[in-house]
There are 2 protein chains.
Amino acid sequence: MHETLTIGELSRRTGCKVVTIRYYERLGLLPAPVRTEGGHRTYTRAQEERLRFICRGRSLGFSLAAVSNLLDLLEDRQAECGAIDELASSHLETVRAKIADLRQIEAQLEASLRTCGKTTRAQCAVAETLAAAGEPEQASHLAG
Amino acid sequence: MHETLTIGELSRRTGCKVVTIRYYERLGLLPAPVRTEGGHRTYTRAQEERLRFICRGRSLGFSLAAVSNLLDLLEDRQAECGAIDELASSHLETVRAKIADLRQIEAQLEASLRTCGKTTRAQCAVAETLAAAGEPEQASHLAG
DNA sequence: GCTTGAACCTATAGCGACTATAGAAATTAC
DNA sequence: GTAATTTCTATAGTCGCTATAGGTTCAAGC
């Protein structure tokens, strides 16, 4: 069987939006597929697999650059498993750092919300938490 | 005393970069400060407080739009504490959702790293985790 | 064969929250 | 007076998309 897929079918099968697929192609993450006479893209199973890999990497929080590295490593039959592991474990560290950041934020928000509702507007605990004049802090690793 | 500050001094005192301070001004988050004859910005203590508030909000993961809302609420002497609480607790939910996402990612990365190093390249567990053909997933709330 | 409507195409601009660059002018320290 | 530092403006780039506009192709029904 192994028929080819339109970009819409590929999108449905992978959960990756059509515009995003085209975007990945423009970035060079996905190879330019064969086109119909009219110029529509047609994808193979191999390309579907590659896209799945990209999506999975993204859903694990890897940057597109990291995903690209991973794809290169996988394609290089000489490459050691070690290089892949390294990328993954350095990413794991980043993930853990983000969790730690977020937990601090969670705790502070919880604390100020807990003491609020009991005080007047002038001493709103949440407002105080935000206004608290602390020492300059380095920006956290948080993106948003 | 209450002297004014240059943008560089303000930056050092708050930990907010000079370019970022100017950026906040352009967005209207910080009022345009008085200038010297030569056109250099001079800041007051009130503006320093406002900037601290913004930075604190950002470090708690609030968007600039949310910070702007919070500032408006604080300035409005009529406003109820409740509105502030609502913003904070809805943000807390977002934070918790992000933590949950990241924990799943952490677990998956840990799991694949644990089983790796024991297998040959061909069955690299990390590579498999990434290649795993799963059902289409909705994108997580993660920004980066 | 013809028409309709969905899916597809390209190109460009926008989002958020900055960051980087270039080149000029002001300020401060000696 | 000069040299170093800081500041100024304006513009473009980052990341990972998303949205818009305006046009073309494709598949199905008649």
Side-chain angles (χ1 to χ4, degrees), chain A residues 3-30 32-43 51 54-69 91 94 98 101 137-144, chain B residues 3-30 32-43 51 54-71 91 94 98 101 137-144:
Chain A
E3 299 193 358
T4 61
L5 304 164
T6 67
I7 197 168
E9 285 160 354
L10 182 63
S11 171
R12 257 165 268 132
R13 290 171 63 95
T14 60
C16 182
K17 292 186 184 168
V18 168
V19 283
T20 307
I21 298 172
R22 288 198 282 249
Y23 172 67
Y24 289 164
E25 180 184 331
R26 231 177 34 250
L27 294 188
L29 273 172
L30 280 176
V34 169
R35 303 279 186 127
T36 65
E37 285 198 2
H40 288 198
R41 293 169 174 84
T42 58
Y43 293 93
L51 178 58
I54 296 167
C55 295
R56 189 104 185 96
R58 287 293 301 136
S59 83
L60 286 173
F62 285 93
S63 67
L64 288 179
V67 170
S68 178
N69 281 346
H91 180 57
T94 310
K98 275 187 192 169
D101 269 2
E137 290 175 46
Q138 254 341 296
S140 73
H141 324 82
L142 293 171
Chain B
E3 299 194 358
T4 62
L5 303 164
T6 67
I7 197 168
E9 285 160 354
L10 182 63
S11 171
R12 255 166 270 133
R13 290 170 63 94
T14 59
C16 182
K17 293 186 184 168
V18 168
V19 282
T20 307
I21 297 173
R22 288 197 283 248
Y23 172 68
Y24 289 164
E25 179 183 332
R26 231 174 37 248
L27 294 188
L29 273 171
L30 281 176
V34 169
R35 302 278 187 128
T36 64
E37 284 198 4
H40 286 200
R41 291 167 175 84
T42 58
Y43 292 93
L51 178 57
I54 296 168
C55 295
R56 188 107 186 95
R58 287 294 301 136
S59 84
L60 286 173
F62 285 93
S63 68
L64 287 179
V67 170
S68 179
N69 280 347
L70 285 165
L71 281 164
H91 180 57
T94 311
K98 276 188 193 170
D101 269 2
E137 291 174 46
Q138 256 337 299
S140 72
H141 324 81
L142 294 170

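Note on naming: letters A, B, ... go to the chains in the order of the sequence lines (proteins, then strands), and numbering restarts at 1 for each one.
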**Asked** Does R41(A) place a side-chain N or O at less than 4.0 Å from the phosphate oxygens OP1/OP2 of dC8(C)?
**Response** no
Out of dC8(C), dA17(C), dC8(D), minimum distance to the side chain of I7(B) belongs to dC8(D)
* Give one of base, sugar-phosphate or nothing for L27(B), where a contact means two heavy atoms less than 4.0 Å apart. => nothing
Quick note, S63(B) side chain, CB onward, closest among dT7(D), dA17(C), dT18(D) is dA17(C)
* Can a side chain N or O of T6(A) be found less than 4.0 Å away from OP1 or OP2 on dC8(C)? -> yes
Taken to the nearest whole Å, CG/L5(B) to P/dT7(D) is 11 Å
Using a 4.0 Å heavy-atom cut-off across all strands, classify R22(B) as base, sugar-phosphate, or nothing. base
Per nearest nucleotide of DNA chain D, the residue lying toward the 5' end, G38(A) or G38(B), is G38(B)
Taking every heavy atom of L60(A) against every heavy atom of H91(A), the minimum-distance pair comes out as O-NE2, 2.7 Å
TODO: Report yes if at least one side-chain N or O of R26(B) is closer than 4.0 Å to OP1 or OP2 of dC8(D); otherwise report no.
DONE: no
Output for pair (R41(B) CZ, R22(B) CZ), nearest 0.5 Å, gives 5.5 Å
Heavy-atom nearest nucleotide on DNA chain D taken for H40(A) and for Y23(A); more 5' hit belongs to Y23(A)
Between CD of E9(A) and P of dA6(C) the distance, given in whole Å, is 17 Å
>> Within the structure provided, determine whether I54(B) and F62(B) are in side-chain contact (heavy-atom separation under 4.5 Å).
In response: no
For Y43(B), the ring-ring contact (aromatic ring centres under 6.0 Å, His included) test, sequence neighbours excluded, returns none
Separation of dC9(C) atom P from E37(A) atom CD, nearest Å, is 15 Å
Whole-Å distance, I21(B) CD1 to dT6(D) P, equals 14 Å
Rounded to whole Å, CG of L64(B) lies from C1' of dC18(C) at a distance of 9 Å
Separation of dT10(C) atom P from E25(A) atom CD, nearest Å, is 8 Å
Here the gap from T6(B) atom OG1 to R12(B) atom CZ, rounded to the nearest 0.5 Å, amounts to 6.0 Å
Of the candidates dC17(D), dT7(D), dC26(D), the side chain of T36(A) sits closest to dC26(D)
Using a cut-off of strictly less than 4.0 Å, decide whether R58(A) has a side-chain nitrogen or oxygen near OP1 or OP2 of dC17(D).
-> yes
Between CG of L10(B) and P of dT7(D) the distance, given in whole Å, is 10 Å
Taking five pairs at each terminus, the helix from dG1(C)-dC30(D) to dC30(C)-dG1(D) shows an axis bend, to 10°, of 10°
Taken in chain and number order and not counting sequence neighbours, the residues that satisfy ring-ring contact (aromatic ring centres under 6.0 Å, His included) with H40(B) are none
- When all nucleic acid strands are considered with a 4.0 Å heavy-atom cut-off, which category describes Y24(B): base, sugar-phosphate, or nothing? sugar-phosphate
* Which is it for L29(B) and L71(B) under the side-chain contact (heavy atoms from CB on, under 4.5 Å) test, yes or no, and what are the steps along the way? -> CA-CA 9 Å; L29(B) 273 171; L71(B) 281 164; 4.2 Å; yes
F62(A) CZ to dG16(D) C1', in whole Å, measures 17 Å
Shortest non-hydrogen pair, S11(A) vs C16(A), comes out as OG-O, 2.8 Å
